[in-house]
Amino acid sequence: MSFRNSYFYSVFWQRFRGNRFAMAGGAIVAGLFILSFLAPYITPYDPATIDAYHVLLPPSAAHWMGTDELGRDVFTRVVYGARISLKVGFVAVGIAVAIGTVVGLVAGYYGRWVDSLLMRFVDIMLCFPTFFLILAVIALLEPSIWYIMLIIGITGWMGVARLVRAEVLSIKERDYITAARSIGASNARIIFRHILPNAAAPVFVAATLGVAGAILTESALSFLGIGVQPPTPSWGNILTSGKDYLEFAWWLSLFPGVAILVTVLAYNLLGEGIRDALDPRLHR
Amino acid sequence: MIAYLTKRILMLIPLLFGITLITFAVIHLAPGEPVDMQTAMNPKVSAEARQKMREFYGLDKPLHVQYVTWLGRMARLDFGRSFAPDNRPVTDKIVERIPITLSLNVIALILEFGLAIPIGILAAVRRETLLDKGITVFVFLGFAMPTFWLALLLMYLFGVKLGWLPISGLHSLGSDQLGPIAWFWDLAKHLVLPVGIATFGSLAGLSRYMRSTMLEVIRQDYITTARAKGLSERVVIYKHALRNALLPVITLLGFSLPGLIGGSVIFETIFAIPGMGQLFYQGVMMRDYPLVMGILVIGAFLTLIGNLLADICYSMADPRIRHGRA
């Protein structure tokens, strides 16, 4: 088992390493994590301290990305905003993957009416314009970052569920499952020991791509003023003031947007790279 | 065909039922009674209005009775009255906004498919060339671009810097004084940015999908056969390959609807377009509860219809589907 695994990983790593774009995506994601952990040591400013004497200054040596309408350093706020985005992406996708995996496993493994019932539920959830559903729920609850992560997760698991179900359907017909069953393995053991590990790869790819989507959704919500609430900086809510001062301060609109673009791009490249490295048939 | 249609429409019933059930669950998600929530959040609601709300939702009755009464009203498209100062029936407010959102999205959808299909074909046919790589870069940028940010940048460039295009609303002030051609020109100029951005939003995904289905088809034996019998490359690609590659794209038409309708919140808010998305956003900000629920149900319903239309198109294009053999 361990021999097979180590072979699997070395082949995977070899293929992944050969893909320049995937490596670049991975490096950017790693860099963002380091940046957001070290935020207080990277910038001398505080993200929330108001400075009435340095309002809306263009980029300079002291303020790399200029200052905003309250005199706060935009670079500092963008760096601290990375913390929010990475956290939201991680937690929201974690929730979505957890729900989707359980639903997909149960539907695929038990089949019959359990399967039909769960998959109809998936169909129904897919009918709602996700953004509408998220907004409606947020309208009911106080805006908080935890609710936002929870809601993005709860409205985003359907793709994973379908994916896992399809994997389970093909895996459960294999001989090693029959073998496990014939020696008396319980359903739970078959599901978690034999099926789940073999269905994990595509879920991992979907999760990486899902992080990109969650970051985009959070930034859009914050931009609309119903996501992360000021003074906590998020890339989306910096862009809100960017919109208000569009005519006087282009730097407020440019840099947070570039941050979103680069981060989402990096996660997408990473996800696609993992997919290609896992399945060479897709290489074309 | 009729048998297929009947079956397909019958399948809508449980879906519709499920949509209302989830919306009803969302209403009751709030801690305490929804009426308390609304009044606490929206001080404009008087005690009298509150009592009316309580009666309207039948909150003193058990849950299943509440659901059935609510469902009955839903069937008559009665979503109650808006909390906004105008206090109009929600249904009226939504219905007058639907045409704007729907026509914007239909224009965007046509542009999107009109651009994505040729882009995808080109990338597939000229695979691994500089052109394909350029398209791939564009696709990845498109995936990662936050549409609201792109909207800001374009507003700055075309609206503020160059002054070529208006950046808010659908008509200029006093446009009702203009002649029909000038009026139309004015409208078209207002539409360029919002429609362009709505189109761009899903262009990347669709053209990539088109490229991969096209590549899939080109590998099939019947394409080799078509080439072997000496057909020109043009006929092989556009007559034999394209038709089969387009099939899965039709399904995507239905799937892209929720995204488009959801995206309308963003661009209608940014460009101040009086459509359903903007109405929804205002409803959310004002905690206008009946309005939010009404739009949620109608939005899901429109998606359902979109999916049905896509399925019907698909079954017309591919007989295997309607005979249940694929």
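The model shown is predicted, which means the values in this text are computed figures rather than measured ones. Naming convention: chains lettered A, B, ... in sequence-line order (proteins, then strands); numbering from 1 in each chain.
Heavy-atom minimum distance, B:Ala300 versus A:Pro129: N-CD, 4.0 Å. Listed here is the closest heavy atom pair of B:Thr269 and A:Leu224: CG2-CD2, 4.0 Å.
Both the backbone and the side chain of B:Ile295 come within contact range of chain A, each with at least one heavy atom under 4.5 Å from a heavy atom of that chain. Residue B:Phe17: no heavy atom, backbone or side chain, is found under 4.5 Å from chain A. Using a 4.5 Å cut-off between heavy atoms, B:Pro14 contacts chain A through its backbone alone, with no side-chain atom that close. Heavy atoms of B:Leu302 lying under 4.5 Å from chain A are absent altogether. With a 4.5 angstrom heavy-atom cutoff, B:Met11 does not touch chain A via any of its atoms.
Residues B:Val292 and A:Phe132 fail the side-chain proximity criterion, which asks for heavy atoms closer than 4.5 Å. A heavy-atom distance below 4.5 Å is not found between the side chains of B:Phe148 and A:Thr240. Residues B:Phe280 and A:Leu135 are in side-chain contact: their nearest non-hydrogen atoms beyond the backbone lie under 4.5 Å apart. Residues A:Leu216 and B:Met145 are not in side-chain contact: their nearest non-hydrogen atoms beyond the backbone lie 4.5 Å or more apart.
Side-chain atoms of B:Trp149 come within 3.5 Å of backbone N or O of A:Ser253 as a donor-acceptor pair.
With respect to the salt-bridge test (charged N to carboxylate O, under 4.0 angstrom), the residues A:Glu272 and B:Arg208 qualify.
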